[in-house]
K.L.:
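This structure is in structure tokens; I'll ask about it shortly.
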Amino acid sequence: MGFARLTTGFRPAERLKCIKPSGIRRFFTLAQEIADAVNLSVGEPDFAPPRHALDAEIEAAKEGKTHYAPTNGVPELRQALVKKAFNDYGLSYDPHSELLVTVGGTESIFVAMFGLVNPGDEVLTTDPGFVLYGPCVQLAGGVPKLIPLLEENEFRPSVDDVMSLITKKSRVMILNYPNNPTGAMLSYDEVATLAKIAVEQDMIVISDEVYEKIIYDGSKHYCLATFPGMRERTLVVNSFSKTYAMTGLRIGYVYGPKELLAPLWLVHQYTVACVNSLAQYMALAALRGPQDCVSKMVREFNRRRHLVYKRLNEINGFKVALPKGAFYAFPNISSFEMSSEEFAEFLVNEAHVITVPGSAFGSHGEGYIRISYAASYERLEEAMNRIEKAVKKIG
Ligand SMILES: Cc1ncc(COP(=O)(O)O)c(C=O)c1O
């Protein structure tokens, strides 16, 4: 999309020159225009946040906790978050200087880029990858270096590919497992190998772990910061959006060593000042309260995951692996001989089912579409029926 020339002669800032709107939004907007659309494009749970968290927010509002919060987050929430890092991963962080509460994981990534990347610095990230990373790197003046994620390697980075991209200018690597858009996860050995590369090459790692709790079949998520030499070079990004179905509350956080976190703190201070106070009390209650709401949600995602996996593989032309984490399936649609954009458009027009073309996540996403199974089981069944019927027309 180009920018319209204004009569005043004003132009958008040069730094926006190579930034395009996210390919997800276009399909999301289409969903609003079709009355009976089944929207499988959005990456958000269809659940409500836990009741006790909602109650806590209302209580906080009644108690007048509506003022500016401290820049790095309300103290009780920071305490609860450092406790979480210790309980979950045995990681100790100082609640004052090694943790920042942010406007979703989104802001954590943004401030990390602006706090750490110099013009010309190379930032390794994956292709396909979450739509935010590349533009954030570019806005900060950095150069994205894309690690291809291939289906034959179950969308996990190959050591050779990573090594071949590293130059003297490589400073940061962004990793995201469990992964959006592929649903892939990494084994202990794979995380250990990537960690070793980061240490040997003296790189900072931004580990986006917002799907840490949405995993299946008793598998284990390994936090990058727990590996030897990694605590001092890793920023762990996390969020309440997915785990507690709090996408609209816009609350996330980032842990890291003081030296790495201080620059993020500065950028955060001058962009958002602080995070919505009430949302922070809600997040606190979500963390302190019973966690069965999370396991219940994941059990339901698991049911949906199996439905999508089984139904798609039964439809001629689709090939999909069982996703290991998050709530996305990433089927191969190359046999339909359409680009992923054309195929997603075909599904909009013929099935009224909204997905996201794999190309929205990078050139290696071409030949795939992303299906979010965060919609209800019934809606997913309906979508699979419609896709099956529409695809038969291609014949
Ligand atoms: C991998 C990944 N990271 C970060 C985010 C940002 O989430 P939020 O800003 O809602 O915390 C998302 C949202 O879809 C995501 O998929």
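Atoms within a ligand are numbered from 1 in the order they appear, just like the ligands themselves.
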K.L.:
Is there a heavy atom in E44 that sits closer than 4.0 Å to ligand 1?
P.N.:
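False for this residue.
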
K.L.:
Taking Y368 as the fixed residue, which of F343, F155, F361 is the one that meets the ring pair (Phe, Tyr, Trp, His ring centres under 6.0 Å) rule?
P.N.:
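Considering F343, F155, F361, a ring pair (Phe, Tyr, Trp, His ring centres under 6.0 Å) with Y368 is found only for F155.
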
K.L.:
Between ligand 1 and N176, can you find any atom pair, the residue atom being a heavy atom, that is separated by under 4.0 Å?
P.N.:
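Yes.
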
K.L.:
Test your reading of the model: is there a side-chain donor-acceptor pair from H268 to the backbone of T71, 3.5 Å cut-off?
P.N.:
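A pair under 3.5 Å: yes.
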
K.L.:
Short N/O distance, under 3.5 Å, between G43 and ligand 1?
P.N.:
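No.
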
K.L.:
Go through ligand 1 atom by atom and flag the ones less than 4.0 Å from a non-hydrogen atom of S241.
P.N.:
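Matching atoms, with element in brackets: 8 (P), 10 (O), 11 (O).
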
K.L.:
So, does Y211 sit close enough to ligand 1 that a heavy atom of it is under 4.0 Å from the ligand?
P.N.:
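The answer is yes: ligand 1 sits under 4.0 Å from a heavy atom of Y211.
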
K.L.:
For ligand 1, which atoms have a heavy atom of S239 less than 4.0 angstrom away?
P.N.:
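That gives atoms 8 (P), 11 (O) of ligand 1.
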
K.L.:
Does even one non-hydrogen atom of Y133 get within less than 4.0 Å of ligand 1?
P.N.:
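Under 4.0 Å: yes for Y133.
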
K.L.:
Can you confirm whether Y377 is buried at OH, in the sense that more than 12 heavy atoms of other residues, nucleotides or ligands lie under 6.0 Å from that atom?
P.N.:
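Above 12, so yes.
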
K.L.:
Give me the nearest non-hydrogen protein atom to atom 7 (O) of ligand 1 as residue plus atom name, then the distance to 0.1 Å.
P.N.:
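Nearest neighbour among protein heavy atoms for atom 7 (O) of ligand 1, to 0.1 Å: T106 OG1, 4.0 Å.
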
K.L.:
Please answer whether the main-chain N or O of L54 pairs with a side-chain N or O of E59 as donor and acceptor at a distance below 3.5 Å.
P.N.:
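Side chain of E59 to backbone of L54: no pair is present.
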
K.L.:
Is R250 in contact with ligand 1, taking contact as a heavy-atom separation below 4.0 Å?
P.N.:
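Flag set, R250 near ligand 1.
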
K.L.:
To which protein heavy atom is atom 12 (C) of ligand 1 closest, and what is the distance rounded to 0.1 Å?
P.N.:
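Answer for atom 12 (C) of ligand 1: F130 CZ, 3.3 Å.
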
K.L.:
Would you say D208 has any N or O atom under 3.5 Å from an N or O of ligand 1, going by distance alone?
P.N.:
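In this structure, D208 places an N or O atom under 3.5 Å from an N or O of ligand 1.
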
K.L.:
Less than 4.5 Å apart, side chain to side chain, heavy atoms only: is that true for Y177 and Y211?
P.N.:
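Side chain of Y177 against side chain of Y211, heavy atoms only: no contact under 4.5 Å found.
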
K.L.:
Same cluster or not: are L165 and M113 linked, directly or through other Ile, Leu, Val, Met, Phe, Trp or Tyr residues, by side-chain heavy atoms under 4.5 angstrom apart?
P.N.:
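In one cluster: yes.
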
K.L.:
Please write down residue, atom name and distance for the protein heavy atom closest to atom 13 (C) of ligand 1.
P.N.:
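The closest heavy atom on the protein side is K242 NZ, 2.9 Å.
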
K.L.:
Kindly say whether E300 contributes a backbone atom to a donor-acceptor pair with the side chain of R303 at under 3.5 angstrom?
P.N.:
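Checked: no pair found.
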
K.L.:
Side-chain heavy atoms under 4.5 angstrom apart, residues restricted to Ile, Leu, Val, Met, Phe, Trp, Tyr: same cluster for Y253 and Y68?
P.N.:
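They do not share one cluster, since no chain of ILVMFWY contacts under 4.5 Å joins Y253 to Y68.
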
